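What's counted below: heavy atoms across the whole structure, side chains too, no hydrogens, waters or symmetry copies. Numbered from 1 within each chain, the chains take letters A, B, ... in sequence-line order. Source: prediction; values computed, not measured.
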Amino acid sequence: MAKKVRVRFAPSPTGGLHLGGVRTVLYNYLFARQQGGDFVLRIEDTDQSRFVPGAEEYIINCLTWCGLKPDEGPHVGGEYGPYRQSERKSIYRQYAEHLVQTGHAYYAFDRPEELESMRERFKTPENPSPQYDHKVRLEMRNSCSLTFEETETLLEDGVPHVIRIRMPENETVSFTDMIRGEVSFHTGLVDDKVLLKADGMPTYHLAVVVDDYLMKITHAFRGEEWLPSAPVHVLLWKYLGWESDMPQWAHLPLILKPDGNGKLSKRDGDRLGFPVFAMNWKDPKTNDLTTGFRELGFLPEAFVNLLAMLGWNDGTAQELFTLEELVEKFSIDRVHKGGAKFDYEKAKWFNHEWIKKLPVAHYRDQVKTILESKGIVITDEAFLDKALHMVKDRCTLLTDFYEQSKFLFETPQQLDLEAVKPKWNADKKAFFEAAASAMMASADWKGADQEAAFKALATEKNIKPGELMMPLRIMLVGGKFGPGVFDIAELIGKEETVKRIHAALQQL
RNA sequence: GCCGCGUUCGUCUAAGGGUUAGGACACCACCCUUUCACGGUGGUGAUACGGGUUCGAAUCCCGUACGCGGUACCA
């Protein structure tokens, strides 16, 4: 019987959740759902100096907004907890010690200054960043270079130390990546990575292996930036005796900045004017607020959709997918190897498509909140729905609903009279007074009827109807945009329409 | 420097030995619309370079270039 599929997303709680992070979650989630497996959230908070309060809760909120809820995690529990590495601190040491015992790791007592001086000593133009590896191992202060007794004494005296992996001098480590195929590395070129830090916390390298094993992870998706350290992880699985349980690896391509190359960063977003984080993130230290996709007016459906397409497609021309469709159609073989530049214009296109596609009721509450935050008073939900439906085609972001619909809720204060004045005259003024009176007198109120009557009156007064449409629009809307004027008139009602015409006439 | 990974229109991508190299975003033009959008039609625009292999290469192989990632007691 095949093992149950289990995947994990393992962020470190250091700040806002980045686009690339969400895509990693997404691919994990899609794979797990499709295979009927479990999706685990594990918080990798082993670096106390980088810990940011609130970041974990923020990450969970982002996942919830995107609809990518973990089956297990610090917030929901599960049988493989705890799910925060800081709370698992006590379990890592034994594995590191075991590696020392079996000769695959060693104690190192070097102080930061000593490491620094080693790097200075071996630095050459050809080798600008010397590594702590088999070439210098014996020249450093560690249990390889010291005698057994010396090492014991240092340990007993409580001298701060780390545990490093002893990378073999001349082996080849290879594994099959689900996206890249066979990848191999020469162990002699990889450094002796620290496994357990002086503070007793594991580094990522030890923690990821131990936890993936203990949590029975079967498939590990992570960013391409981890590929160079993969041989360390593969060796650790082997040295710990768990080789047959090693997950299948998948190193995802990076999401690149739109201009030039390189990994997309928060700075690029600030610089180029688009969001990088899923939701608003407020740095608790600096109080800086970074705007997220959600607050900018993105629908989670669109956000997830556009991320899925950044590095994957189903081989057809289809670009719009629901989460359910993605679960059904996702396949790792179709994930690209190369990185993809992020295109904000295309991102907005996705959102626009989703606004048009989804029923108004789906995002009514969010838009209502946006409108109310701008001071619009909404009392009639049915009216709100009609208004949203009327303008949805011209809104790219949810926040666009404000500019596109505010004149449906309140009388425009600023009228673009310059669009009317040049061709304005007494005849037109008289026409509008007559038209307003006729409207007041009409028994029922249908846009189409009013349009017919309006045009008939224009013909009667010898004015081309076309010359009156723009003035009417300005009177009702305030500007040169919006849905059909008579549709607007029908929605806002007879009294309001006439009131706006009179108000405008005062200014002309 | 070293190691690893990558490279099709400006961008996201399809095409896994035989296509006028297809689609989408953006851009341009026209149509629709007595507004702005939506929508429709059409257009500009790509296989990094050099060698092989083959009747035939975007596709397979080898180089080169370029880019990115890593080279921390960060993840």
Undergrad: How close do A:Gly188 and A:Asp133 get, heavy atom to heavy atom, and via which atoms?
TA: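 Taking every non-hydrogen atom into account, O-OD2, 4.5 Å.
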Undergrad: Do the side-chain N and O atoms of A:Glu169 and A:Thr187 include a donor-acceptor pair separated by under 3.5 angstrom?
TA: no
Undergrad: Once you round it to whole Å, what is the distance between C1' of B:C5 and CZ of A:Phe185?
TA: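 Distance, rounded to whole Å: 8 Å.
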Undergrad: Provide the Watson-Crick or G-U wobble partner of B:G6, both distances under 3.5 Å; none if there is no partner.
TA: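 The answer is B:C66, by the H-bond criterion.
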Undergrad: Can you tell me how far P in B:A46 sits from the matching atom in B:U53, rounded to whole Å?
TA: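 Comparing P positions in B:A46 and B:U53 gives a spacing of 29 Å.
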Undergrad: Rounding to an integer number of Å, can you tell me how far A:Glu319 CD sits from B:C12 C1'?
TA: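 A:Glu319 atom CD is separated from B:C12 atom C1' by 8 Å.
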Undergrad: Would you say the ring centers of A:Tyr132 and A:Phe122 fall short of 6.0 Å from each other?
TA: no
Undergrad: When all nucleic acid strands are considered with a 4.0 Å heavy-atom cut-off, which category describes A:Val190: base, sugar-phosphate, or nothing?
TA: nothing
Undergrad: When we call it a touch if two heavy atoms are under 4.0 Å apart, what does A:Asp199 touch: a base, just sugar-phosphate, or nothing?
TA: nothing
Undergrad: Any side-chain N or O of A:Arg164 less than 4.0 Å from the OP1 or OP2 oxygen of B:C73?
TA: yes
Undergrad: In whole Å, I'd like the distance from the CG atom of A:Asp400 to the P atom of B:A37.
TA: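 For the pair A:Asp400 CG and B:A37 P, the rounded distance is 13 Å.
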Undergrad: Could you check how far CH2 of A:Trp354 sits from C1' of B:C38, rounded to whole Å?
TA: 18 Å
Undergrad: Could you state the atom-to-atom distance from CD1 of A:Ile463 to C1' of B:U34 in whole Å?
TA: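 Taking atom C1' of B:U34 as the reference, CD1 of A:Ile463 is at 15 Å.
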Undergrad: Could you tell me how far apart A:Glu467 (CD) and B:U35 (P) are, to the nearest whole angstrom?
TA: 13 Å
Undergrad: Decide if the gap between the ring center of A:Phe298 and the ring center of A:Phe350 is smaller than 6.0 angstrom.
TA: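 For A:Phe298 and A:Phe350, the ring centres are not under 6.0 Å apart.
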Undergrad: Test: salt bridge (Lys or Arg N to Asp or Glu O under 4.0 Å). Region: residues 337-354 of chain A. Which pairs qualify, not counting sequence neighbours?
TA: A:Glu319-A:Lys346, A:Glu345-A:Lys348, A:Glu353-A:Lys356
Undergrad: How far does the C1' atom of B:A65 sit from the matching atom of B:C28, given to the nearest Å?
TA: 34 Å
Undergrad: So if I take every side-chain heavy atom of A:Leu254 and compare against B:C68, B:A37, B:C12, which nucleotide ends up nearest?
TA: B:C68
Undergrad: Please determine whether any donor N or O and acceptor N or O are separated by less than 3.5 Å between the side chain of A:Lys346 and the base of B:A26.
TA: no
Undergrad: How close or far is atom P of B:A72 from atom CG of A:Leu196, stated in whole angstroms?
TA: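 Those two atoms, CG and P, are 19 Å apart.
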Undergrad: Taking only the P atom of each, what is the distance from B:G45 to B:G22 in whole angstrom?
TA: 12 Å
Undergrad: For B:U53, what is the paired nucleotide under Watson-Crick or G-U wobble rules, both distances under 3.5 Å?
TA: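 Looking at the geometry, B:U53 pairs with no nucleotide.
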Undergrad: Remember a base hit wins even if backbone is also touched, and classify A:Gly311 as base, sugar-phosphate or nothing at under 4.0 Å, heavy atoms.
TA: sugar-phosphate
Undergrad: Need the glycosidic conformation of B:C38: syn if within 90° of 0, anti if not. Which one?
TA: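 That one's syn.
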Undergrad: Enumerate the residue pairs fulfilling salt bridge (Lys or Arg N to Asp or Glu O under 4.0 Å) with a member in residues 451-462 of chain A, sequence neighbours excluded, ordered by first and then second residue.
TA: A:Glu451-A:Lys455
Undergrad: Answer yes or no: are there more than 12 heavy-atom neighbours, outside A:His389 itself, under 6.0 Å from its atom NE2?
TA: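 No, not enclosed.
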Undergrad: From B:A26, B:G1, B:A75, pick the nucleotide closest to the side chain of A:Ser129?
TA: B:G1
Undergrad: Should B:C27 form a Watson-Crick or G-U wobble pair with both distances under 3.5 Å, which nucleotide is its partner?
TA: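 Base-paired to B:G43.
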Undergrad: Pick the closest RNA chain B nucleotide for A:Lys337 and for A:Val485 by heavy atoms, then say which residue is nearer the 5' end.
TA: A:Lys337
Undergrad: Distance check, C1' atoms only: B:U47 and B:G16, in whole angstrom units.
TA: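 The same atom, C1', in both gives a distance of 15 Å.
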Undergrad: I'd like the C1' distance from B:C25 over to B:C9, given in whole Å.
TA: 12 Å
Undergrad: Closer to the 5' end of RNA chain B via nearest nucleotide, is it A:Arg334 or A:His186?
TA: A:His186
Undergrad: Please report whether the ring centroid of A:Phe303 lies less than 6.0 Å from that of A:Trp354.
TA: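 No, too far apart.
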Undergrad: From C-beta outward on A:Glu126, which listed nucleotide comes closest to its side chain: B:G6, B:A72, B:G1?
TA: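 It is B:G1.
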Undergrad: B:C32 pairs with which nucleotide, Watson-Crick or G-U wobble, both distances below 3.5 Å?
TA: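 Paired with no nucleotide.
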Undergrad: To the nearest 0.5 angstrom, please state how far the CZ atom of A:Arg111 sits from the CD atom of A:Glu114.
TA: 4.0 Å
Undergrad: Reckon A:Ala340 touches a base, only the sugar-phosphate, or nothing at all at heavy-atom distances under 4.0 Å?
TA: sugar-phosphate
Undergrad: With a 4.0 Å limit, can you tell me whether A:Arg222 has a side-chain N or O closer than that to the phosphate oxygens OP1/OP2 of B:G70?
TA: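 Checking B:G70 against A:Arg222, no side-chain N or O comes under 4.0 Å of OP1 or OP2.
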Undergrad: Indicate, with a heavy-atom threshold strictly under 4.0 Å, whether A:Lys356 touches base, sugar-phosphate, or nothing.
TA: sugar-phosphate
Undergrad: Contact class for A:Gly338 vs. all strands (heavy atom < 4.0 Å): base, sugar-phosphate, or nothing?
TA: sugar-phosphate
Undergrad: Using the C1' atom as the reference point in each nucleotide, state the distance between B:U13 and B:C31 in Å, no decimals.
TA: 29 Å
Undergrad: Give a yes/no answer on whether the side chain of A:His336 brings an N or O atom under 4.0 Å of OP1 or OP2 in B:A14.
TA: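 So the side-chain polar atoms of A:His336 do come within 4.0 Å of the phosphate oxygens OP1 or OP2 of B:A14, strictly under.
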Undergrad: What is the separation between atom CH2 on A:Trp349 and atom C1' on B:C38, rounded to the nearest whole Å?
TA: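 Roughly 14 Å, once rounded to whole Å.
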Undergrad: Any side-chain N or O of A:Ser229 less than 4.0 Å from the OP1 or OP2 oxygen of B:U71?
TA: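 Indeed not, no polar side-chain atom of A:Ser229 lies that close.
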Undergrad: Can you tell me the pairing partner of B:A58 across any strand shown, Watson-Crick or G-U wobble, with both distances under 3.5 angstrom?
TA: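 Because no pair has both required distances under 3.5 Å, B:A58 counts as unpaired.
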Undergrad: Paired with B:G16 by Watson-Crick or G-U wobble geometry, both distances under 3.5 Å: which nucleotide is it?
TA: none
Undergrad: Taking the side chain of A:Pro228 as heavy atoms from C-beta outward, which of B:C74, B:C12, B:G69 is closest to it?
TA: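 Between B:C74, B:C12, B:G69, the one nearest the side chain of A:Pro228 would be B:G69.
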Undergrad: Think A:Lys197 has a side-chain N or O under 4.0 angstrom from the OP1 or OP2 of B:A75?
TA: yes
Undergrad: Can you tell me if A:Lys341 touches the phosphate of B:G10, counting only side-chain N or O atoms and a distance under 4.0 Å to OP1 or OP2?
TA: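 Looking at the OP1 and OP2 atoms of B:G10, neither is under 4.0 Å from any side-chain N or O of A:Lys341.
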Undergrad: Which part of the nucleic acid, if any, lies within reach of A:Thr124 when heavy atoms closer than 4.0 Å are counted: base, sugar-phosphate only, or nothing?
TA: nothing
Undergrad: Can you tell me if A:Asn313 touches the phosphate of B:C12, counting only side-chain N or O atoms and a distance under 4.0 Å to OP1 or OP2?
TA: no
Undergrad: Any strand is fair game: report the nucleotide pairing with B:A37 by Watson-Crick or G-U wobble, both distances under 3.5 Å, or none.
TA: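 Matched B:A37 with nothing under the 3.5 Å cut-off.
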Undergrad: Between B:C5 and A:His251, is there an OP1 or OP2 to side-chain N/O distance shorter than 4.0 Å?
TA: no
Undergrad: Need one value for A:Pro483: base, sugar-phosphate or nothing, where a base atom within 4.0 Å counts as base even if backbone is also close, heavy atoms only.
TA: base
Undergrad: Pick the C1' atom in B:G42 and in B:U34, then give their distance to the nearest Å.
TA: 26 Å
Undergrad: Give the nucleotide from the list B:G70, B:C25, B:C5 with an atom nearest to the side chain of A:Glu345.
TA: B:C25
Undergrad: Using the P atom as the reference point in each nucleotide, state the distance between B:A37 and B:C27 in Å, no decimals.
TA: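 Pairwise P distance, B:A37 against B:C27, rounds to 11 Å.
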Undergrad: B:C73 pairs with which nucleotide, Watson-Crick or G-U wobble, both distances below 3.5 Å?
TA: none
Undergrad: At under 4.0 Å between heavy atoms, what does A:Ser12 touch on the DNA or RNA strands: base, sugar-phosphate, or nothing?
TA: sugar-phosphate
Undergrad: Mind checking whether A:Tyr27 and A:Phe330 have parallel, tilted or perpendicular rings, split at 30° and 60°?
TA: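 Geometry flag for A:Phe330 against A:Tyr27: tilted rings.
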Undergrad: Just to be sure I understand the rule, does A:Lys464 reach a base, reach only the sugar-phosphate, or reach nothing, if contact means heavy atoms closer than 4.0 Å?
TA: nothing
Undergrad: In terms of side-chain heavy atoms of A:Phe481, which of B:C73, B:U11, B:U35 is nearest?
TA: B:U35
